[in-house]
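So the structure is just underneath, and the comments pick up after that.
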Amino acid sequence: MKNIKYVSVFLLVSISCLFLTACKEQDSENKDHLVFRYNEHANITSLDPAFAKDQRNIWACHQLFNSLVALDDSLNVTPDIAKSWTVSDDALTYTFTLRNNVYFHKDERFGKDSTRTVKAEDVTFSLKRLLDNSIASPGRFVMQNVAQMSTPNDTTVILRLQKPFPAFLGLLSTKYCSVLPKDIVEADTNFRSHPIGTGPFKFKRWEENEKLVFRKNNLFYQKDSLGNQLPYLEAVAITFLPDKQSEFLQFAQGNIDLLNALDPSYKDELLSGNGTLKNAYKNEVNILTGPFLNTEYLGIYLDSETSEISNLNLRKAINFGFDRHAMITYLRNGIGTPAEQGFIPKGLPGFSKQRYYSYQPEKAKAFVEAYKAETGNQNPEITISTNANYLDLVEYIQRELGKTGLKVNVDVMPPSTIRQQRSAGKLDVFRASWIADYPEAENYLSLFYSKNHSPNGPNYTHYKNESFDLLFEKALITSKTEERIKMYSKLDSLVMSQAPIVPLYYDEVVRFTRKNISGMQINALNLLDLRTVRKTIK
């Protein structure tokens, strides 16, 4: 009997321990609704906002940092670290007044208090840093028009421009202009992987190519309309699965909360032909769509030694030779708008009402014949370079242009190789996209300004037109919005008449979230804003 009693007591204690362990695990699992998970199929290269050029870096930096000003979901400039500002009558001097309650993330490197408030000196240091040749930031262009910076006191920043630039405030909202702690950055040579900002989340852990974790910043200055501290989430966890199909499977299984954009590997699994969710996912998944300031296009290198592609007849034949509407319907499941109205995308002032290149196969054939008659080359041939994600689109264009008498070869390359060779002028025709850094058409038209020829700028086509340059420079200093927009439309028209590019489609923001995600907003710059996102228990 004694042994049975001891055994019973042992079993009771063991069961109690198991129960307590299970409760602890359950408590841990219950906190899962406070962790937002998403995947980046390409590795984040730096958490230093001076290098926030690509979307993957921008999204991560957006959680960690604030700038003087920000953009709301309608792309209006709103206060951020600066609570207010004034602009002088000559549109050259911008005076910002800073908030006094914006704190940097806690870190032992700040000393006894582990943090401090943002000061005006931090702002000017962060902006001047973009011009540092040893940093070599791709955001250097932001500061090229700034003649002088001063800080009369800890809460006032004065920026004086060399010449008026109406889009300057929007430019300051970019992640390049994030405010950093001067003392920490100067003392830390590894800021890229151990950043300190003021944003809604703070850096926790980064295992490169594997996982990146941010935790809630309890010192974040913003609250919701009811006075509740933002953000609501406890943490953000980012994985780095390179395969899109694997990413989709993780999403379908509920292991990640967000699927960004539409990929050929899973688009037909999720969406019907008209862009709506298929029945199998309607109870599990939300779809968010909206305008995206992104133009997908084929660029044509005009300085190419290949006679075919430098000929205007062939460039126009390409533009008229395929059906953009069919391409969007069948290859994009209706997501996107056919790009028949220039390079400036839909949703941005300056977007043209004129249709430049619709599908006209007979006209395309006529341009090919005109090319043959002009050059004597009876077998014109071009090569389009693309990465694997856009192969279906390029192969569609290849088939359609073949019907016009133009032979098209397709060269599939890794994205990094395309970027390098495009910048070096080694690709005759290349698939590319241009996503706005800030909501101004100048952002797009700068790709055709002759002083921006690659590799020193984004003019990858090497388009050069003196009339364009003069009007572009005039538009940059025109303060009246209506006049400036008219100039933008005229510039876009001038580019399209010379066809250094083939616009494919104006993109849409497409996000898929699990049903237990709420509060996510989308905007035309496709920024990931997690401040007001909630995740509930499934």
Side-chain angles (χ1 to χ4, degrees), residues 46 48-54 57-58 61 65 67-71 77 82 85 87-88 90-96 120-151 157-180 182 185 293 350 423 434-466 468-479 484 487-488 491 525:
S46 176
D48 184 337
F51 301 95
K53 178 182 179 181
D54 301 315
N57 288 20
I58 292 171
C61 288
F65 299 97
S67 305
L68 281 172
V69 296
L71 299 176
V77 178
W85 59 85
V87 183
S88 62
D90 62 3
L92 290 175
T93 303
Y94 291 70
T95 303
F96 298 89
E121 188 180 27
D122 295 311
V123 176
T124 54
F125 165 78
S126 302
L127 296 178
K128 288 176 181 177
R129 185 169 176 262
L130 298 177
L131 295 170
D132 188 336
N133 289 330
S134 66
I135 301 293
S137 168
R140 182 186 183 93
F141 71 94
V142 173
M143 299 304 297
Q144 288 180 338
N145 189 32
V146 177
Q148 186 178 6
M149 289 183 266
S150 59
T151 55
V157 174
I158 300 175
L159 305 179
R160 183 163 180 82
L161 306 186
Q162 297 174 15
K163 55 187 178 182
F165 182 47
F168 184 61
L169 281 174
L171 200 58
L172 288 177
S173 72
T174 62
K175 286 299 106 182
Y176 293 128
C177 298
S178 299
V179 176
L180 318 179
K182 178 177 184 292
V185 177
L293 298 186
S423 184
W434 191 258
I435 302 173
D437 291 313
Y438 52 96
E440 184 83 11
E442 175 270 336
N443 205 231
Y444 287 83
L445 297 168
S446 65
L447 270 69
F448 308 102
Y449 185 48
S450 66
K451 293 182 181 179
N452 286 339
H453 277 187
S454 61
N456 300 316
N459 187 342
Y460 304 114
T461 65
H462 280 209
Y463 175 82
K464 186 175 183 180
N465 184 298
E466 186 176 348
F468 179 96
D469 287 352
L470 291 172
L471 186 58
F472 180 76
E473 291 170 355
K474 184 178 179 180
L476 293 183
I477 60 173
T478 300
S479 58
R484 191 169 70 255
M487 293 179 188
Y488 289 156
L491 287 164
L525 289 176

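Proximity of S479 to P164: side-chain heavy atoms (C-beta onward) are nowhere separated by under 4.5 Å. Under the 4.5 Å side-chain criterion, counting only non-hydrogen atoms from C-beta, N133 is in contact with R140. Two residues are said to be in side-chain contact when any heavy atoms from C-beta on lie closer than 4.5 Å; F141 and L130 fail this criterion. For the pair F165/I477, no side-chain contact is recorded, criterion being any heavy-atom separation below 4.5 Å from C-beta on. Proximity of M143 to Y176: side-chain heavy atoms (C-beta onward) are nowhere separated by under 4.5 Å.
Salt bridge present: D90 and R160 bring a charged side-chain N and a carboxylate O closer than 4.0 Å. Residues R484 and E440 are paired through a salt bridge, judged by an N-O separation under 4.0 Å between the basic side chain and the carboxylate. For K163 and E473, the salt-bridge test fails: no basic side-chain N is under 4.0 Å from an acidic carboxylate O. Salt bridge status for R129 with D48: present, with a side-chain N to carboxylate O gap under 4.0 Å.
Annotation for V87 and A91: closest pair CG1-CA, 3.9 Å, computed over non-hydrogen atoms. Considering all non-hydrogen atoms of both residues, S67 and S173 come closest at OG-O, 4.2 Å. Considering all non-hydrogen atoms of both residues, I58 and K53 come closest at CD1-O, 3.7 Å. Contact detail for P138 and A50: the closest heavy-atom pair is CD-O, 3.3 Å. The shortest heavy-atom contact between G170 and Y438 is O-CB, 3.6 Å.
Atom NZ of K175 is separated from atom SG of C177 by 9.5 Å, given to the nearest 0.5 angstrom. Atom CD of residue Q144 and atom CG of residue L171 lie 10.0 Å apart, to the nearest 0.5 angstrom. To the nearest 0.5 angstrom, L131 atom CG is 11.0 Å from I135 atom CD1. Between atom CE of residue M487 and atom CZ of residue F472 there is a gap of 12.5 Å, rounded to the nearest 0.5 Å. Atom CG of L159 is separated from atom CG of L172 by 6.5 Å, given to the nearest 0.5 angstrom. Note that the OH atom of Y488 and the CG atom of L471 stand 10.0 Å from one another [nearest 0.5 Å].
Relative ring orientation between H453 and H462 is described as parallel, the plane-to-plane angle staying below 30° on a 0-90° scale split at 30° and 60°.
In this structure, the side chain of Y444 engages the main chain of L293 through a donor-acceptor pair within 3.5 Å. Proximity of a side-chain donor or acceptor of S454 to a complementary backbone N or O of N456 within less than 3.5 Å is not detected. Listed for the N452 side chain is no donor-acceptor partner under 3.5 Å among the backbone atoms of N459. The backbone N or O of V179 lies less than 3.5 Å from no partner atom in the side chain of S126, so there is not a single donor-acceptor pair. Between the side chain of W434 and the backbone N or O of L447 there is no donor-acceptor pair closer than 3.5 Å. In this structure, N57 contributes its side chain and F51 its backbone to a donor-acceptor pair below 3.5 Å. A donor-acceptor contact shorter than 3.5 Å is absent between the side chain of D437 and the backbone of T174.
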Quiz prompt | V123 vs L68, side chain to side chain contact (heavy atoms under 4.5 Å, CB included): CA-CA, chis, key distance, verdict | solution = CA-CA 8 Å; V123 176; L68 281 172; 3.8 Å; yes
Self-check item: From CA spacing to verdict: side chain to side chain contact (heavy atoms under 4.5 Å, CB included), T151, I158
Solution: CA-CA 6 Å; T151 55; I158 300 175; over 6 Å; no
Quiz item: After noting the C-alpha distance and the side-chain angles of W85 and V69, does the key distance pass the side chain to side chain contact (heavy atoms under 4.5 Å, CB included) rule?
Solution: CA-CA 10 Å; W85 59 85; V69 296; 3.5 Å; yes
Practice problem: Check step by step if side chain to side chain contact (heavy atoms under 4.5 Å, CB included) holds for S450 and F468. | Solution: CA-CA 9 Å; S450 66; F468 179 96; over 6 Å; no
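Under a cut-off of 6.0 angstrom, the local environment of CD in E466 is sparse, with at most 12 non-hydrogen atoms contributed by other residues, nucleotides or ligands.
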